[in-house]
Amino acid sequence: MAAAAAATTLALASCGGGADAGDPPGERTLRLALNQSEEHPSFTALDHFGDHLRENTDGVELDIYPNETLGGQAEVLQLVSSGAVDMAIVSGAQLENLNRDFIAFNAPRVFDDIEHQMDVVHDPEITGDLYSSLDENHDLTVVGGFTQGARSVYTADGPVETPEDLAGANIRVQESPLNVAIAEALGGSAAPMVYGELYTGLQAGVVDAAENNEVSYFTQRHYEVAPYWSYTEHLIGLDYLIINSDALDGLSEQDRAAFDEGWTAAYEEHAVLWAEATQEAIEGAEADGAEFHQVEEAPFAEALDGLVDEFVVTETQRELYDAAREAAE
C-alpha cells in the first residue's frame with residue numbers, strides 16, 4: 001500500500017501536485033479522489049460543487065479523479081494527509097481506523113433513515129470535535145458526509161433469507177473490526193478486499209458475497225456476477241468528504257464561505273439524486289436479470305443488536321451514538 005501511494009504521489013507531482021503546486025497566482029486547483037464512476041450520484045453532486053466553486057470564488061477549481069484513479073481509499077487517505085491530494089471521499093470505516101470514535105456513526109441501525117443521518121452528520125453541535133480530531137496527527141479535516149444508503153447483502157449462488165443461508169460464505173467487507181463483526185453476525189466470514197477488485201473477486205469465486213447499496217451494486221455491474229440481492233439493511237452507510245487541513249486553511253475568508261455554501265448544496269443534492277438513483281438501479285439490475293429478495297428481519301436484527309454494546313465502548317463514542325439516536329426522536 002505504501003509503495004502504491006508513493007507511486008501515485010510521484011505521478012501527481014509530475015502533473016502539478018497539491019492545491020498550490022503549479023497553479024498561477026490567484027488560482028488553485030483542489031484535486032479530489034473518488035472511488036465511484038462518473039455515473040454515480042457522488043460524482044454528479046461533486047461536479048456541481050466544482051461548478052459552484054468556479055463561479056463563486058477567486059480562482060478555485062475542483063478536479064475530480066473518479067474510479068479509484070488515484071488508488072484505493074486507504075491509499076488516498078494517506079495522499080490527502082500528505083497533501084499530495086487535496087480532498088477525497090472515503091468511507092466511515094477508513095476514518096474509524098484513524099480515530100475509533102467514528103465507529104459511533106458506523107454502528108448498525110444508529111440512523112433510522114437517510115434524512116436522520118444527514119441531519120446528524122451536518123450538525124456541528126454533534127460532530128464539531130469529531131470532525132477536527134484528525135487535524136493534529138493527520139492534517140485532515142472532515143467536511144461532512146454523503147449517504148451510502150441502506151446496505152444489504154448480495155450473493156453469487158442464491159438468495160438469503162436467514163443468517164444460516166450465509167454459513168461458510170466469504171463476504172467482502174470494508175476493512176475494520178466492526179465490519180468484520182457485521183459479516184460474522186450476518187452469518188458468513190469476512191473477506192476485506194479493495195473495492196475495485198470486487199467484481200473480479202466475485203467472478204472468480206474468491207468471495208461469495210458482498211454488502212453495499214443498490215446504486216453501487218448497479219453502477220459497478222456487480223449484479224452480473226452476484227445476481228441475488230437480499231434486503232438485510234444492516235446499516236445506513238456513510239461516506240465522508242475529507243480535505244487536507246492546510247489546503248482548507250489556505251482558502252480566503254470569502255472562498256471558504258463559498259466552499260461551505262457549495263458543500264451544503266452538494267450534500268442536499270446528493271440525497272435527492274440518491275433516492276432517484278436507487279430506484280433506477282433496482283429497475284436496471286432487475287432488467288438485466290438480478291433478483292431482489294426480502295429476508296426474515298428478526299434473525300438478522302437479533303444477530304446485530306449486540307454489536308453496539310460490543311463496539312461503542314468509550315464515553316465519547318457512547319455520547320456520539322446517543323446524540324445521534326436522540327436526534328431521531
Q: State, yes or no, whether a side-chain contact exists between V121 and F111 at a heavy-atom distance under 4.5 Å.
A: yes

Q: Return the orientation label for the W229 and F292 ring planes: parallel under 30°, perpendicular over 60°, tilted otherwise.
A: tilted

Q: Do the non-hydrogen side-chain atoms of F43 and E38 ever get within less than 4.5 Å of each other?
A: yes

Q: Any link between I103 and L320 through a network of hydrophobic side chains (Ile, Leu, Val, Met, Phe, Trp, Tyr) touching at under 4.5 Å?
A: no

Q: Using the rule given for side chain to side chain donor-acceptor pair (under 3.5 Å), can you reason through H293 versus E291, listing the C-alpha separation, both sets of side-chain angles and the distance that settles it, and then say yes or no?
A: CA-CA 6 Å; H293 298 268; E291 300 178 8; 2.9 Å; yes

Q: Kindly work out whether a path of hydrophobic side-chain contacts (I/L/V/M/F/W/Y, heavy atoms less than 4.5 Å apart) joins L186 to M193.
A: no

Q: Quick one: closest heavy-atom pair of A107 and L235, and the distance?
A: O-CB, 4.4 Å

Q: Any donor-acceptor pair under 3.5 Å linking the side-chain atoms of E39 with those of S37?
A: yes

Q: Start with the C-alpha distance between E96 and R100, add both sets of side-chain angles, then the distance that settles salt bridge (Lys or Arg N to Asp or Glu O under 4.0 Å), and finish with yes or no.
A: CA-CA 5 Å; E96 181 186 315; R100 293 284 292 171; 3.4 Å; yes

Q: Within the structure provided, determine whether T147 and D239 are in side-chain contact (heavy-atom separation under 4.5 Å).
A: no

Q: Any donor-acceptor pair under 3.5 Å linking the side-chain atoms of N35 with those of E68?
A: no

Q: Passes ring-ring contact (aromatic ring centres under 6.0 Å, His included), Y223 versus F218? Steps please.
A: CA-CA 7 Å; Y223 60 86; F218 180 64; 5.6 Å; yes

Q: Counting only heavy atoms from other residues, nucleotides and ligands, does the tally under 6.0 Å from CD of Q203 exceed 12?
A: yes

Q: Do S42 and H270 pass the side chain to side chain donor-acceptor pair (under 3.5 Å) test, and can you show the C-alpha distance, the side-chain angles, and the key distance before you say yes or no?
A: CA-CA 6 Å; S42 294; H270 181 271; 3.2 Å; yes

Q: With a 4.5 Å cut-off on side-chain heavy atoms, are Q220 and Q36 touching?
A: yes

Q: How long is the span from the CG atom in L134 to the CG atom in L140, to the nearest 0.5 Å?
A: 5.5 Å

Q: Just do the side chain to side chain donor-acceptor pair (under 3.5 Å) check on N213 and S216 with the steps written out, would you?
A: CA-CA 6 Å; N213 54 68; S216 294; 3.3 Å; yes

Q: Nearest 0.5 Å, please: how far is CH2 in W274 from OG1 in T44?
A: 11.5 Å

Q: Going from CD on E261 to CG on L53, what distance comes out if it is rounded to the nearest 0.5 angstrom?
A: 10.0 Å

Q: Do D135 and T141 have side-chain N/O donor and acceptor atoms under 3.5 Å apart?
A: no

Q: Indicate yes or no: does D249 engage R256 in a salt bridge with an N to O separation below 4.0 Å.
A: no

Q: Are Y154 and Y228 close enough that their ring centres sit under 6.0 Å apart?
A: no

Q: Do other residues, nucleotides or ligands put more than 12 heavy atoms under 6.0 Å from the CG atom of D129?
A: no

Q: Under 4.0 Å between a Lys/Arg side-chain N and an Asp/Glu carboxylate O for E224 and R221?
A: yes

Q: Take L32 and Y65 through the test side chain to side chain contact (heavy atoms under 4.5 Å, CB included) and record every step on the way to the result.
A: CA-CA 6 Å; L32 188 151; Y65 291 78; over 6 Å; no

Q: Do R54 and D51 sit within salt-bridge range, that is, some charged N less than 4.0 Å from a carboxylate O?
A: yes

Q: Nearest heavy-atom pair of I89 and Q73: which atoms, and what distance?
A: O-NE2, 3.8 Å

Q: Do you know which two heavy atoms are closest between S133 and F102, and how far apart they sit?
A: OG-CE1, 4.1 Å

Q: For residues L130 and D101, report the shortest heavy-atom separation together with the two atoms involved.
A: CD1-CB, 3.7 Å

Q: For F146 and W263, I'd like to know if the aromatic rings sit close, meaning centre-to-centre distance below 6.0 Å.
A: yes

Q: Going through the checks in order, is the side chain to side chain contact (heavy atoms under 4.5 Å, CB included) test met by M87 and L241?
A: CA-CA 7 Å; M87 302 166 67; L241 176 65; 3.7 Å; yes

Q: Report yes if some heavy atom in the side chain of E61 is under 4.5 Å from a heavy atom in the side chain of E27; otherwise report no.
A: no

Q: Does N170 use its side chain to pair, donor to acceptor, with the backbone of A191 at less than 3.5 Å?
A: no

Q: What's the shortest heavy-atom distance between A324 and F105, and which atoms?
A: CB-CE2, 4.0 Å

Q: Hey, are T278 and E214 close enough side-chain-wise for a donor-acceptor pair under 3.5 Å?
A: no

Q: Under 4.5 Å between side-chain heavy atoms, counting indirect links through other Ile/Leu/Val/Met/Phe/Trp/Tyr residues: same cluster for L307 and L238 or not?
A: no

Q: If hydrophobic clusters are built by linking Ile, Leu, Val, Met, Phe, Trp and Tyr wherever their side-chain heavy atoms come under 4.5 Å apart, do L95 and V173 end up in the same one?
A: no

Q: Looking at side-chain heavy atoms only, is the closest gap between V110 and V308 below 4.5 Å?
A: no

Q: For residues H222 and Y217, establish whether the separation of their ring centroids is below 6.0 Å.
A: no

Q: Does any part of the side chain of R325, heavy atoms only, come nearer than 4.5 Å to the side chain of D112, both counted from C-beta?
A: yes

Q: Do you know the tightest heavy-atom contact between F300 and E161?
A: CE1-O, 3.4 Å

Q: Linking I/L/V/M/F/W/Y whenever their side-chain heavy atoms sit closer than 4.5 Å, directly or via other members, would L98 and V76 fall into one cluster?
A: yes

Q: Under a 4.0 Å threshold between the charged nitrogen and the carboxylate oxygen, would D58 count as salt-bridged to R28?
A: no

Q: Just by distance, with hydrogens left out, do T162 and E296 show a side-chain donor and acceptor under 3.5 Å apart?
A: no

Q: How long is the straight-line distance from CD of E211 back to OG1 of T232, given to the nearest 0.5 Å?
A: 7.5 Å

Q: Passes side chain to side chain contact (heavy atoms under 4.5 Å, CB included), D113 versus Q117? Steps please.
A: CA-CA 6 Å; D113 52 37; Q117 181 190 53; over 6 Å; no

Q: Would you say E302 has more than 12 foreign heavy atoms packed within less than 6.0 Å of its CD?
A: no

Q: Is any side-chain heavy atom of P108 less than 4.5 Å from a side-chain heavy atom of I182?
A: yes

Q: Between Q148 and N212, is a side chain to side chain donor-acceptor pair (under 3.5 Å) present by the stated rule, with each step listed?
A: CA-CA 8 Å; Q148 292 179 356; N212 214 317; over 6 Å; no

Q: Nearest 0.5 Å, what's the CG-CG distance between D246 and D139?
A: 4.0 Å

Q: Within this structure, what is the CZ-CG distance for the pair R31 and L79, rounded to the nearest 0.5 Å?
A: 12.5 Å

Q: Please step through salt bridge (Lys or Arg N to Asp or Glu O under 4.0 Å) for the pair R109 and D305, ending with a clear verdict.
A: CA-CA 9 Å; R109 307 190 177 203; D305 279 347; 5.4 Å; no

Q: Determine whether more than 12 heavy atoms belonging to other residues, nucleotides or ligands lie under 6.0 Å from atom CD of E297.
A: no

Q: Taking V295's backbone N and O only, do any of them form a donor-acceptor pair with S230's side chain (distance below 3.5 Å, no angle check)?
A: no

Q: Decide yes or no on side chain to side chain contact (heavy atoms under 4.5 Å, CB included) for V143 and I242, but give the supporting numbers first.
A: CA-CA 6 Å; V143 178; I242 60 170; over 6 Å; no

